[in-house]
A.B. asks: 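First the structure, which I've put down as structure tokens, then a few questions once you've had a look.
The analysis underlying the following values was restricted to heavy atoms, covering all of them including side chains, and did not include hydrogens, waters or symmetry mates. Sequence lines set the chain letters: A, B, ... in the order given, protein chains first and strands last, and positions in each chain run from 1.
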Amino acid sequence: MDVMPKWAEVVLVPLISLLLAAVLSALVILAIGEDPIEAVNLMITGALGSTYGWGYTLYYATNFMFTGLAVAIAFQARLFNIGGEGQAALGGLGVALVCLYIPWPHWTLAILGAAIGGAVFGAAWAAIPAYLQAKRGSHIVITTIMFNFIAAALLNYVLVSVLRPAGQMDPATARFPEAVHLPTLHDMLAPFGIAFSKAAPANISLLLAVAACVFLWFLIWRTKLGFEIRAFGQSEPAAQYAGIAPTRIIMITLLISGALAGMMATNNVMGEAERLVLNSVEGAGFIGIAVALMGRSHPFGVFIAAILFGFLYQGGAELALWTSIPRELIVVIQALVILFTGALDNMVRMPLERLFLMMRKEG
Amino acid sequence: MDMYLTLIQLLDSTVRLATPLLLACLAGLYSERAGIFDIGLEGKMLAAAFFSAAIAAITGNVWIGLMAGIGASLVLSAVHGVASITFRGNQLISGVAINFLAAGMTVLIAQAWFKQGGRTPSLIGNGRFEPVTLPFAEAMQDVPILGPLYYELISGHSILVYLAFAAVPLTWWLLFRTRFGLRLRAVGENPAAVDTAGVSVVGLRFAAVAICGVLCGIAGAYLSTALQAGFVKDMAAGRGFIALAALIFAKWRPWHALYATLLFGLFGALETRPDVIQTITGMRVQGQLLSALPYVMTVIILAGFVGKAIPPRAGGEPYVKER
Amino acid sequence: MSTAPAIELKGISKAFGPVQANKDISIRVMPGTIHGIIGENGAGKSTLMSILYGFYKADRGEIFIKGQKTQIPDSQAAIAAGIGMVFQHFKLVENFTVLENIILGAEDGRLLTPSITKARRELVQLAEDYGLNVEPDALIQDIGVGMQQRVEILKALYRQADILILDEPTGVLTPAEADQLFRILGRLREEGKTIILITHKLREIMDTTDTVSVMRRGEMTATVKTSETSPAELAELMVGRKVLLRVDKTPATPGDVILDVKNLRVRDDKGVERLKGIDLQVRAGEVLGIAGVAGNGQSELLEVLGGYADGTGTITVNGQPLDLTGKLSDGRSRRARGIAHVPEDRQREGLIMDFAAWENVAFGYHHDAAYQSGALMNNAAIREDTAAKMERFDVRPPDPKLAAKNFSGGNQQKIVLAREIERDPELLLIGQPTRGVDIGAIEFIHQQVIALRDKGKAVLLVSVELDEIMALSDRIAVMFDGHVMGERLPSETDERELGLLMAGITDTDQPPPVEEIEANLAHAGTADKGV
Amino acid sequence: EPALIFDLGGKFDKSFNEAAHNGAQRWAEETGGEYREIELQSEAQREQALRRFAEAGANPIITMGFAMADPLSSVAPDYPDTKFVAIDVTWLDAPNVRQIGFAEHEGSYLVGMLAGMASESGTVGFIGGMDIPLIRHFGCGYAQGVKAANPDAEVIANMTGTTPAAWNDPVKGSELTTAQISQGADVVYAAAGGTGVGVLQTAADQDILSIGVDSNQNYLHPGKVLTSMLKRVDVAVYDALVAGTDVETGVFTLGLAEEGVGYALDDNNASLITEEMKASVDAARQQIIDGEITVASYYENESCPALDF
Ligand SMILES: Nc1ncnc2c1ncn2[C@@H]1O[C@H](COP(=O)(O)OP(=O)(O)OP(=O)(O)O)[C@@H](O)[C@H]1O
Ligand SMILES: Nc1ncnc2c1ncn2[C@@H]1O[C@H](COP(=O)(O)OP(=O)(O)OP(=O)(O)O)[C@@H](O)[C@H]1O
Ligand SMILES: [Mg+2]
Ligand SMILES: [Mg+2]
């Protein structure tokens, strides 16, 4: 009994919202004395105008897909996992250990090993808050915030005092061996005769992220577990009536969530930096929250939102590179995009609905 | 070391660290008690910290600065209100957006106004809140036991600290002893009950969000004009999130909010005094472990002693009567 | 006509998006009368009353109160016009006290204490005037629904309403509570107050109203004097066809014992014992009805049997014991043992309101092999199965993809029944099967229960409706305060005897004085924490 | 056209990056030249910025911070005709990179001596930003200087935190300062970026002495800042810009001898530094240059003889 046709809901509403955000951003750019049209131009060509730009956009998007999915799956069970940041950081540790201490013969095996390592470490970091939520009723929001801080301290210790090679000032691990070097989009597309920028960091873990989106879609909408997670999220009393154990669902959901966040490390740690540095997650865990919310906790929505944020990141980097616009402008633009597409969507939807209702009555 | 004096110093530091948390926590309490979740506390504090410092720097009057800080925080509150009350948008998203908006805008404007790299000039003289010396503090200074307690711990804070502590009983009274409080709590539990009783849900929620803005404004001003003498980018440094954690910890109750934020403040104070920890435990605490300590302690306390926190029932959901 | 109508509505229309809930409705209600409104689920009754109360705004139409044209843009205006409303789903703040709920929005002055003092005084007066006893300092979440409803009525009276709207007030009340409610309504009418009563129960209409209006699909189809009509006529006006007002059933032919409960004890999460040693048996091919005032342990009985509360004692099904604690004491294991369960609260437990009908039909049975293809769920198969079930159970609209929340109460209940009964269970647990459901749907639901019994299955029915218990059961057990007070055959008992048993009085030949019965009932009421 | 890549702290961090900014500005004002710049926002942008500037023909490209070493090692070989200048990097094997390291421990040693001499209580403090080896390196040199001036002195050291927020938390900086004061410290040295603003402020408010870092911060609270440990990033950047595409590559460590590090003496702190203090510090400076004193480096030893972390 929807008022609007589905295409309007899925395409028109976000598009108009984005437009509004763009208009407001343009005003801000004008206010700081720059040319908005040129800025937009620069962002679009910089992020989407070349394979190089795409390479960075997709690299960032890969990170956001993992963390966005992590938040999204937890949301399906009505759990608010703010701990993506810490879980991804621990995932980085897992990936680093796997890459450094196992002599991988080939990257194909290494990426599997690293994905498992990252997932296990990320899941382990989610396990304690999950257990506390399920068994002791400790609020997941507080515990995951705390675990982000604890993760930062732990990684600091590990990188400064344990894994840092002697004589290196940089608090980071040694470089991973050449054998675990992941193919970039350049390497992957070359056999097909497609020239893709060599310099961009987007790599095969993009496919892993896309696979995770598809996998999660199947999990949520096509499996018994997903059915149970959604049911639990909608109504705990009903779930109990149906014989769905809350403890089990909370644990499993948050472990999957933590594992997804941890797998992000295959992209930023293994694919890009090829070593583990301090603060390798750089807020992607928090962006994941925005991505999941904007993607309405749906894997495909997350996919789109992640690309949008990848675009903003890369476009913003180009802007900072070629203009004197302060980098904080990008943060403002992100804020406006989040606000208009995520929170003020009804401002667009309500008049549209009225319009469609009128058209229906006349038609 | 003089254990008593050390204790006083520790508690003194606790009070300073707890004050911004307490103000933000009470701010969140009003909003969430009225059913509007607010993870934008951090952003509001930051915006207020900037505008109060900026205007205080320009006018040389910290009170005008405070008003400006409150005003900035109120503007962000209004955005949150319009998004989540008027347009029934997602409250979490709106909060996230506000945090980003504040983080970016403060630096952008600071750079445009002062060209000091997102900082304000240092505040001097009347541009900042000076410590208040309470009556007889000087005279009592040398009285054993009570002297240090009164002089060091109770006296000598900025006026905003006393304001924050006074806000606790005031909040309690407002929530539980006035008509406004009754309605505010009701609208967070069951807005339909308020609506059918002939009271405006929207009006109440906007009022709550506005109070939240005022308190966040004071919290931000405290950071930049009382604790510090100027604004530095990102200076809220996650305190808004810790305040949120404290709010859940306190189960949305004013006095518990005081205890929770004091506890967080104490952990923060202990972190600055590894020597005290060493004296008490007899162990030297390794640096990174020390940084993690407040958070580890919180988790342990949460898991061990605090039961399930049940949020206001209508929290986070926009009030929709027709769809 | 000399006096102006207390309420006159002219040409009220209201649409929710594409749904036309009210179409050009006009109605007049004379002062000092009780006016009934009946109609199928989703006919638009609640919507119309919500408009009158300013909760919704009409798209078109005019409202006259006592002859004056009145704008009612919000509830404030309705209250000012002297209108009070008791909603179908109560609008109370659960963790507030009774007093706080009553004064909410009608406080005197900015401070609470004086308001509360004054309200407490007035409450005593109101309670005396109308026999509306409540505990002013009890929390809403701790009192029974009957008491909650009294609070709602007091809320209206405290605001000096002289027009009172009650939307399905008896849906959740016990017969005794309902009787008491109607006594109160009678007294209010004597005071000159005007009352609008929405109900699905024709007997209530016939017993209490002066006039009655019938709604169908958003339209007002008839308004008649109660004295000039009959239940059968009303039912037909409502549903558009003849309705059987009695359940047609043959005597039972009970077989082996299917369910055997011995010394069952249950504690709730506060540690209070809610079942204090229950013994029960249900045989194949019979319906055992459990009568009782809500909150006397019936819910806990269903929960333990359904696998989502722990207990002690022994329960066997077909001679095999059931786990009462631990991993195998859950809904899934129970279903595997052939126990189906229609829970008391369909919206809270039985359905996921945001799930589509087909997902709800799989709900609880989502492990069924027929619903899988490999590691994935076979959604197409579930949808097909759902369409078939909806067809057989006459669920309207028969659209498997529609979300549960978009079905009317009666149709929601049919979805739950279709899911549970079509499993052909050994034992059906069924709680409050027709609560809030219109008479057309009640007829259908009763037929399905009897049909299952006639297939030789065991049915355990829990209902607070004595009519329903009497009509469906082959044997009746009465529960009070966690005990079974006794068992009766429907043919050898009557409502009076059952009512006494429900009040905890076993010596039904020489009942104690009325005060003692009421005290017992009040105790039973407070034991209930919301149904 | 040269280019300058600031580290994550941003060009207005009041210390390290800002010094580079000042050096570049000075060059621009004096020569009327122009340069490109970017403030990094993420790790992945390090390599990106290098390549983009290199591809656009920027030369030389100046990078700030040790974290650029790794991306430089992969980018520099791809652009052999471009000169790179890497500040705080000394260990790369790349022919077209000018690598400049600073002997921060030596500069810190000198300000440590001043602290040791200025302290009346015999207790001095050190407040670091994020706990990383570089900051320990600062603290270690400082502690050695303190002990050299006053062997009985006690050094209290605290780090602000373990996340990047530790660079921008003046409130915590204040609280740490107060804590050190209550433990008896009457001189504190802040090596903590924006957090240091809070340290210097609180020291001034509570009437003890503070020591600034990287740039000359004496002017922030005249008469209250004992001195600042200078790390002449501005000079290094300025020199590189002046040399332009002819900049000499190789590894350069700028210590006391090269005037790459030092302590600040100006009108603002003239009254705080007595002749004796100046004399003994300058003597020590000469001895270090002459190799008569060696200041132990945390980098080389992974531990500090004068301070536990
Ligand atoms: N808040 C609402 N939003 C959208 N549609 C609604 C809403 N409330 C009711 N409707 C629609 O209006 C119609 C009339 O509903 P209403 O609640 O008035 O029925 P009713 O006669 O009270 O039914 P019942 O006997 O089940 O209580 C329904 O078909 C329903 O789809
Ligand atoms: N918010 C809503 N949106 C859409 N439909 C609604 C909404 N609220 C109610 N309805 C529909 O209105 C009709 C009547 O609603 P109502 O809440 O009165 O349920 P009901 O049929 O009376 O069930 P019950 O008596 O058991 O509560 C149903 O079709 C219901 O699905
Ligand atoms: Mg209704
Ligand atoms: Mg109904």
A.B. asks: Chain A: which of B:A292, B:P311, B:A97 shares the most heavy-atom pairs with it under 4.5 Å?
C.D. replies: B:A97

A.B. asks: Hey, which of A:T143, A:N148, A:L329 has the most heavy atom pairs under 4.5 Å with chain B?
C.D. replies: A:L329

A.B. asks: Contact part of A:L339 toward chain B, heavy-atom cut-off under 4.5 Å: side chain, backbone, both or neither?
C.D. replies: both

A.B. asks: Do the non-hydrogen side-chain atoms of A:V141 and B:F241 ever get within less than 4.5 Å of each other?
C.D. replies: no

A.B. asks: As an exercise, state the distance from CD of B:Q288 to OG of A:S161, rounded to the nearest 0.5 Å.
C.D. replies: 5.0 Å

A.B. asks: Non-hydrogen atoms of chain B under 4.5 Å away: do they reach the side chain of A:M350, the backbone, both or neither?
C.D. replies: side chain

A.B. asks: Among A:M347, A:M294, A:R349, which residue forms the greatest number of heavy-atom pairs with chain B at distances under 4.5 Å?
C.D. replies: A:M347

A.B. asks: When heavy-atom pairs shorter than 4.5 Å are enumerated against chain A, which of B:V299, B:I248, B:V96 gives the highest number?
C.D. replies: B:I248

A.B. asks: Quick one: pull up CE in B:M105 and CG in A:L336 and give me the separation to the nearest 0.5 Å.
C.D. replies: 6.5 Å

A.B. asks: Name the region of B:Q286, side chain, backbone, both or neither, that has any atom closer than 4.5 Å to a heavy atom of chain A.
C.D. replies: side chain

A.B. asks: Measure A:I145 against the heavy atoms of chain B and call it side chain, backbone, both or neither at under 4.5 Å.
C.D. replies: side chain

A.B. asks: Just verifying a value: how many Å separate B:K233 NZ and A:E328 CD, rounded to the nearest 0.5 Å?
C.D. replies: 5.5 Å

A.B. asks: Once you round to the nearest 0.5 Å, how far does CD1 of A:I338 lie from CG of B:N90?
C.D. replies: 11.5 Å

A.B. asks: B:T298 versus chain A, heavy atoms under 4.5 Å apart: side chain, backbone, both or neither?
C.D. replies: side chain

A.B. asks: Would you name the heavy atoms of A:V331 and B:A103 that are closest together and state the gap between them?
C.D. replies: CG1-CB, 4.3 Å

A.B. asks: Looking at every heavy atom in both A:A335 and B:L101, which two are closest together, and how far apart are they?
C.D. replies: CB-N, 3.3 Å

A.B. asks: A:V28 versus chain B, heavy atoms under 4.5 Å apart: side chain, backbone, both or neither?
C.D. replies: side chain

A.B. asks: Considering only heavy atoms, which portion of A:F80 lies under 4.5 Å from any heavy atom of chain B: side chain, backbone, both, or neither?
C.D. replies: side chain

A.B. asks: Heavy-atom cut-off 4.5 Å, strictly under: side chain, backbone, both or neither for A:F147 against chain B?
C.D. replies: side chain

A.B. asks: Just to verify, which of B:Y295, B:F264, B:F267 counts as forming a ring pair (Phe, Tyr, Trp, His ring centres under 6.0 Å) with A:F149?
C.D. replies: B:Y295

A.B. asks: State whether the number of non-hydrogen atoms from other residues, nucleotides or ligands found under 6.0 Å of B:I310 atom CD1 is greater than 12.
C.D. replies: no

A.B. asks: Should we count OH of A:Y131 as having more than 12 external heavy atoms under 6.0 Å?
C.D. replies: no

A.B. asks: Counting heavy-atom pairs under 4.5 Å with chain A, which one of B:G43, B:A83, B:G118 comes out on top?
C.D. replies: B:A83

A.B. asks: At what distance, to the nearest 0.5 angstrom, does OG of B:S291 lie from CD1 of A:I150?
C.D. replies: 11.5 Å

A.B. asks: Which atoms of B:I242 come close to chain A, meaning under 4.5 Å heavy atom to heavy atom: side chain ones, backbone ones, both, or neither?
C.D. replies: side chain

A.B. asks: If you count heavy-atom pairs under 4.5 Å between each of A:I82, A:I128, A:N156 and chain B, which one has the most?
C.D. replies: A:N156

A.B. asks: Select one option (side chain, backbone, both, neither) describing which atoms of A:I289 are under 4.5 Å from chain B's heavy atoms.
C.D. replies: side chain

A.B. asks: What part of B:A303 is in contact with chain A, defined as an atom under 4.5 angstrom from a non-hydrogen atom: side chain, backbone, both or neither?
C.D. replies: both

A.B. asks: Please report the C-alpha distance between B:F87 and A:V348 in whole Å, then the side-chain angles of each, then the deciding distance to 0.1 Å, and finally whether the side-chain contact (heavy atoms from CB on, under 4.5 Å) criterion is met.
C.D. replies: CA-CA 9 Å; B:F87 289 111; A:V348 175; over 6 Å; no

A.B. asks: For residues A:I287 and B:F100, report the shortest heavy-atom separation together with the two atoms involved.
C.D. replies: CD1-CZ, 3.6 Å

